[in-house]
Amino acid sequence: AKENARISLAREGEQTYLRLQSDFQGFAFAWAKRSFDPRPLGEAGRLRVRLRGDGSGHLLEVRLGAAAPDGGHPLYYVNRLEALSLNFTGWKTVTLDLARFRTPDNGRRGRDLAQVAFVELMVYARGPRRTVDLGIGEIQWLPADPEVLSRKRQQQAEGQAGGERASRH
């Protein structure tokens with residue numbers, strides 16, 4: 001989190017969640033990050049996040065972070081296409097398509113998404129309200145739609161068959 005943000009664990013009923021609060025002091029953004037052991041996304045095609053909005057109208061952008069191949073700064077896969085206005089209050093479940101996360105310039109999707117280590121939720125200040133109070137609940141990886149998964153498997157099979165033909169020559 002940036003120094004202009006406060007991150008805490010909060011509880012509402014039976015649910016414990018991560019709470020991001022900020023007044024954007026000195027910056028036009030704040031973020032919270034949920035880290036975990038690097039994991040391959042395999043057949044995951046979507047990311048589901050449970051959010052508690054504050055009605056502020058600020059813009060939420062979700063990023064995935066993977067270790068850089070050279071051990072440097074992480075590679076960020078950013079989903080600007082499904083950025084979300086925090087114009088709602090209360091809890092809402094948002095599902096994002098992994099195919100819409102843009103590959104960074106030095107990234108290789110297959111390699112990088114096999115070692116995702118964090119989800120970052122970036123809030124950009126929008127409008128006159130200068131505070132945000134965002135709740136971040138459960139984060140889940142969901143399988144791709146069956147049709148997308150079928151196409152992906154077919155492409156992999158064709159790639160392997162092409163590789164076998166090339167190695168025989």
Side-chain angles (χ1 to χ4, degrees), residues 1-13 15-41 44-142 144:
K2 197 89 180 133
E3 53 271 4
N4 69 345
R6 291 170 305 289
I7 306 288
S8 60
L9 282 179
R11 190 166 183 79
E12 193 171 292
Q15 182 171 355
T16 301
Y17 62 95
L18 197 61
R19 185 176 186 187
L20 167 67
Q21 296 173 294
S22 178
D23 58 8
F24 300 107
Q25 193 112 35
F27 301 92
F29 58 88
W31 73 83
K33 180 166 51 172
R34 292 272 303 263
S35 298
F36 40 82
D37 290 332
R39 66 182 65 179
L41 297 185
R46 297 170 291 157
L47 175 68
R48 179 183 291 162
V49 183
R50 185 106 169 108
L51 301 169
R52 184 183 50 78
D54 63 356
S56 64
H58 299 309
L59 187 69
L60 175 68
E61 183 179 274
V62 178
R63 302 169 176 207
L64 303 177
D70 61 4
H73 293 289
L75 298 172
Y76 286 88
Y77 280 73
V78 180
N79 187 338
R80 289 194 173 101
L81 296 173
E82 295 178 307
L84 173 71
S85 174
L86 296 177
N87 60 0
F88 62 95
T89 58
W91 288 98
K92 176 178 186 174
T93 300
V94 177
T95 303
L96 305 168
D97 184 348
L98 291 182
R100 293 183 171 214
F101 283 80
R102 187 172 175 271
T103 304
D105 289 341
N106 56 344
R108 284 200 340 252
R109 207 167 179 81
R111 174 199 67 200
D112 302 336
L113 294 184
Q115 53 186 347
V116 170
F118 62 86
V119 174
E120 186 174 88
L121 294 102
M122 179 75 80
V123 179
Y124 293 96
R126 296 285 187 265
R129 187 166 164 191
R130 295 302 298 176
T131 61
V132 66
D133 188 351
L134 175 67
I136 304 159
E138 186 176 20
I139 296 176
Q140 296 176 295
W141 303 104
L142 302 175

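Quick note: numbers below take in every heavy atom, side chains included, and nothing from hydrogens, waters or symmetry partners. Only a predicted model underlies this, so the values are computations on that prediction, with no experimental measurement involved.
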* Does the side chain of Val123 come within less than 4.5 Å of Leu59's, by heavy atoms? -> no

* Minimum heavy-atom distance between Arg102 and Arg109, given as atom pair plus value -> C-NH1, 4.5 Å

* What distance do Asn79 atom CG and Arg100 atom CZ have between them, rounded to the nearest 0.5 Å? -> 7.5 Å

* Asked: If you take all heavy atoms of Arg34 and Gly137, which pair is closest and at what distance?
  -> NH1-O, 3.1 Å

* **Listed partners of Ser35 passing side chain to side chain contact (heavy atoms under 4.5 Å, CB included), at least two apart** => Lys33, Phe118

* **Test item: His58 side-chain N/O and Gly127 main-chain N/O as donor-acceptor pair under 3.5 Å** => no

* **Leu75 and Arg111: CA distance, side-chain angles, deciding distance, side chain to side chain contact (heavy atoms under 4.5 Å, CB included) verdict** => CA-CA 11 Å; Leu75 298 172; Arg111 174 199 67 200; 3.7 Å; yes

* Could you grab the distance from atom OG1 of Thr103 to atom CZ of Arg108, nearest 0.5 Å is fine? => 11.5 Å

Tabulate below the donor-acceptor pairs under 3.5 Å that side-chain atoms of residues 84-97 make, not counting sequence neighbours, or state none.
{"residue": "Trp91", "atom": "NE1", "partner": "Glu12", "partner atom": "OE2", "Å": "2.8"}
{"residue": "Thr93", "atom": "OG1", "partner": "Arg50", "partner atom": "NH1", "Å": "3.1"}
{"residue": "Asp97", "atom": "OD1", "partner": "Ala99", "partner atom": "N", "Å": "2.9"}

* His73 side, atom NE2; Asp70 side, atom CG - distance, nearest 0.5 Å -> 9.5 Å

* **side chain to side chain contact (heavy atoms under 4.5 Å, CB included) between Leu20 and Trp31, worked out** => CA-CA 7 Å; Leu20 167 67; Trp31 73 83; 5.7 Å; no

* **Partners meeting salt bridge (charged side-chain N to carboxylate O under 4.0 Å, His left out) with Glu61 (sequence neighbours left out)** => Arg63, Arg80

* Counting distance only, does the side-chain N/O of Ser22 pair as donor-acceptor with the main-chain N or O of Val132 below 3.5 Å? -> no

* To do: Might you point out which heavy atoms bring Leu98 and Ala44 nearest each other, and give the distance in Å?
  => CD1-O, 3.6 Å

* To do: Test side chain to side chain contact (heavy atoms under 4.5 Å, CB included) on Ile139 and Phe36 and set out the steps.
  => CA-CA 11 Å; Ile139 296 176; Phe36 40 82; 5.9 Å; no

* To do: Check Phe24 against Ala30 and note the closest heavy-atom contact, atom names and distance.
  => CE2-N, 4.0 Å

* **Full working for side chain to side chain contact (heavy atoms under 4.5 Å, CB included) between Trp141 and Leu47** => CA-CA 5 Å; Trp141 303 104; Leu47 175 68; 3.5 Å; yes

* Asked: To the nearest 0.5 Å, what is the distance between OH (Tyr77) and CG (Leu113)?
  -> 5.0 Å

* To do: Supply the atom-to-atom distance Leu121 CG to Leu18 CG, rounded to the nearest 0.5 angstrom.
  => 8.5 Å

* Asked: Is a side-chain donor or acceptor of Asp133 paired with a backbone partner of Asp54 at a separation under 3.5 angstrom?
  -> no

* Asked: How far does CG of Leu64 sit from CZ of Phe101, to the nearest 0.5 angstrom?
  -> 4.0 Å

* Side-chain contact, heavy-atom cut-off 4.5 Å: Thr131 with Arg129? -> yes

